[in-house]
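Positions are given from 1, in the same order as the sequence printed here. Because the structure is predicted, anything quoted here is derived from the model rather than measured.
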Amino acid sequence: MKYMLIAGEASGDLHASHLIKWIKEFDSEAEFRFFGGDLMAAEARRKPELHYDMMNVMGFSEVLRKLPVLASNLRRARRLIREYRPDALILVDYPGFNLTLAKFTHKLGVPVHYFISPKVWAWKEYRVKSIKKYVDRMYSILPFEVQFYKKHGYDVTYVGNPSVQEVAHYLGHLPPRKHFVERQDLDESRPIIALLPGSRRGEIRNNLPLMIEAAKRFPEFQYVVGAAPAVGEKFYREVAQDPGLKLVFGCTPTLLKYSQAAVVTSGTATLETALIGTPQVVVYRANGMAISYKIMEKLLKVKYVSLPNLIVGNEIVPELLVHKCTVDSIARELSPLLQPSPRRDFQLSGYRNMQRRLGTYVAAEYAAELIVDSLRK
């Protein structure tokens, strides 16, 4: 059968590549066309029709500037669907583009499958109407989404969370701590505070300086930045203005495993940190104005923003957002996590609860099996 996949950013490329791998297991004659990246290309053994580098935009102003490019990408996707006539269109997150394409594809009579739901439970809840109308099957990677969609009269399938298997793989291939610190030129005698300032330059610029100043409050520890592979070392050093800054590339899970605690910018990294079992403080500094926080409170439809808290339904990790994210508040929340304490024990107990709720499904395998089975029926 013929499959077309759309992934608009690096994380989507990763998850979609696993999906392609498992579709090939269940359908030996599978053919693929896709918008995505190098990981999908390696699994599909062909180049993307469009690389996600041409698709990934962030923020209202950037979207406005790139509207002509986005419109061109959408026309290109529609043309490919008409010409290729896939047996299924598989969308991976990236909601603005993908939901528009779902409407077009649904009208052609091509089944639309969605792997990794847009975060409509957090904001833009109105998008549920489009999902119900144009998406034939939704595969969720967060267990609480099932109940959310059920409230809207739409059945989705929880297939497990990809991070569970990815982290388990990393943990099964860790180098010894001694080798890690030697390779990264770290001080073997000092415990580590991991700093994860995000993967986007704006996030790094807003959060990294505060993280560093808070970590400096604990001189007996060394602080190390888990750097994003797409961001160069020069940028980190310009932002940090810290001559002794230690950066590690390509081994963030190892850094987290061998850290006493971490300060993590809100995002998927908070879930990965929890799965690894490292106590953390979650931060997100934007403009830092109280008015920004008030606007965010009105827009968000959920009580928490970090995935561990959302999955458990309780504040197991502290969240310091916008103007509440300061050097003092980060240091205050970090302090009890750096030593045996009730706060540290509470967080680790919450992690175990989170793991139970996520389960042990292999998300891409389960989703691929369901997609292939639905087409055969």
Side-chain angles (χ1 to χ4, degrees), residues 11 15 93 95 114-128 131 138-168 196 256 261-284 293-294 296-322 324-325 329-330 332-334 336-337 341-363 366-367:
S11 60
H15 298 314
D93 203 356
Y114 216 125
F115 180 56
I116 305 181
S117 168
K119 296 177 178 63
V120 289
W121 37 265
W123 60 83
K124 298 185 178 180
E125 193 169 347
Y126 63 86
R127 282 178 165 167
V128 174
I131 290 170
M138 175 72 75
Y139 308 101
S140 162
I141 64 168
L142 295 170
F144 62 83
E145 290 177 334
V146 175
Q147 190 59 38
F148 168 82
Y149 278 107
K150 190 174 182 179
K151 180 183 72 175
H152 288 277
Y154 184 69
D155 289 331
V156 306
T157 303
Y158 174 65
V159 293
N161 192 285
S163 294
V164 174
Q165 291 78 43
E166 289 161 11
V167 168
L196 275 60
L256 286 168
V263 185
V264 186
T265 295
S266 181
T268 306
T270 63
L271 175 58
E272 293 166 351
T273 303
L275 288 167
I276 289 168
T278 304
Q280 64 182 305
V281 178
V282 176
V283 303
Y284 195 86
Y293 187 80
K294 290 296 181 184
M296 185 181 69
E297 278 188 318
K298 295 293 183 184
L299 290 175
L300 289 177
K301 303 291 184 181
V302 289
K303 191 173 181 180
Y304 309 110
V305 300
S306 63
L307 288 172
N309 291 348
L310 285 165
I311 293 165
V312 174
N314 189 18
E315 190 173 1
I316 60 173
V317 299
E319 298 180 349
L320 304 175
L321 310 177
V322 196
K324 295 185 177 182
C325 177
S329 63
I330 296 171
R332 183 177 64 248
E333 296 291 349
L334 186 59
L337 303 180
S341 68
R343 284 297 307 170
R344 185 180 174 92
D345 292 342
F346 173 75
Q347 199 168 124
L348 295 177
S349 173
Y351 286 175
R352 291 190 288 272
N353 186 8
M354 184 198 76
Q355 290 246 19
R356 286 192 293 271
R357 295 190 182 210
L358 288 173
T360 57
Y361 291 122
V362 179
Y366 190 11

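- With 3.5 Å as the limit, one finds a donor-acceptor pair spanning the side chains of Tyr351 and Gln347.
- The main-chain N or O of Thr360 is never found under 3.5 Å from a side-chain atom of Gln355 such that the two would form a donor-acceptor pair.
- Counting heavy atoms of neighbouring residues, nucleotides and ligands inside a 6.0 Å radius, atom OH of Tyr154 exceeds 12 of them.
- Taking the side chain as every heavy atom from C-beta outward, Tyr361 and Val164 never approach each other to under 4.5 Å.
- Looking at Asn161, its side chain never comes within 3.5 Å of a backbone N or O of Leu142 through a donor-acceptor pair.
- Only one option out of Glu319, Glu315, Lys303 pairs with Asn309 in a side-chain hydrogen bond (donor to acceptor under 3.5 Å, both in side chains); it is Glu319.
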Open item on the list: Applying side chain to side chain contact (heavy atoms under 4.5 Å, CB included) to Met354 and Leu358, what does each step give before you reach the verdict?
Closed with: CA-CA 6 Å; Met354 184 198 76; Leu358 288 173; 4.2 Å; yes
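- Between Phe144 and the options Tyr304, Trp121, Tyr158, a ring pair (Phe, Tyr, Trp, His ring centres under 6.0 Å) holds for only Trp121.
- Between Ile116 atom CD1 and Glu145 atom CD the span is 9.5 Å, to the nearest 0.5 Å.
- Thr278 places a side-chain N or O within 3.5 Å of a backbone atom of Leu256 that can act as its donor or acceptor partner.
- Here Thr157 contributes atom OG1 and Tyr139 contributes atom OH; the two are 6.5 Å apart, rounded to the nearest 0.5 Å.
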Run the side-chain donor-acceptor check on residues 261-275: report pairs under 3.5 Å with partners two or more places apart or on a different chain.
| residue | atom | partner | partner atom | Å |
| --- | --- | --- | --- | --- |
| Thr265 | OG1 | Leu196 | O | 3.3 |
| Thr265 | OG1 | Pro197 | O | 3.2 |
| Thr270 | OG1 | Gly267 | O | 2.7 |
| Thr273 | OG1 | Ala269 | O | 2.7 |

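- Closest approach of Ile316 to Phe346, counting heavy atoms only: CA-CE2, 3.7 Å.
- Side-chain atoms of Tyr114 come within 3.5 Å of backbone N or O of Asp93 as a donor-acceptor pair.
- For the residue pair Val312 and Gly350, the shortest heavy atom distance occurs at CG2-O, 3.8 Å.
- Rounded to the nearest 0.5 Å, atoms CG (Asn353) and CG (Leu348) are 13.0 Å apart.
- Checked by atom type, the side-chain pair Tyr149/Ser117 shows a donor-acceptor distance below 3.5 Å.
- Between Val317 and Ser306, the closest heavy-atom pair is CG2-OG, 3.4 Å.
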- [ ] Show the numbers, then the answer: is there a side chain to side chain contact (heavy atoms under 4.5 Å, CB included) between Phe148 and Val120?
- [x] CA-CA 9 Å; Phe148 168 82; Val120 289; 3.6 Å; yes
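- Contact of the Lys124 side chain with the Pro118 side chain is not registered, since no non-hydrogen atoms from C-beta on lie closer than 4.5 Å.
- Across Gln280 and Pro308, no two heavy atoms sit closer than the pair NE2-CG, 4.2 Å.
- Distance check: Ser349 OG to Arg352 CZ gives 5.0 Å after rounding to the nearest 0.5 Å.
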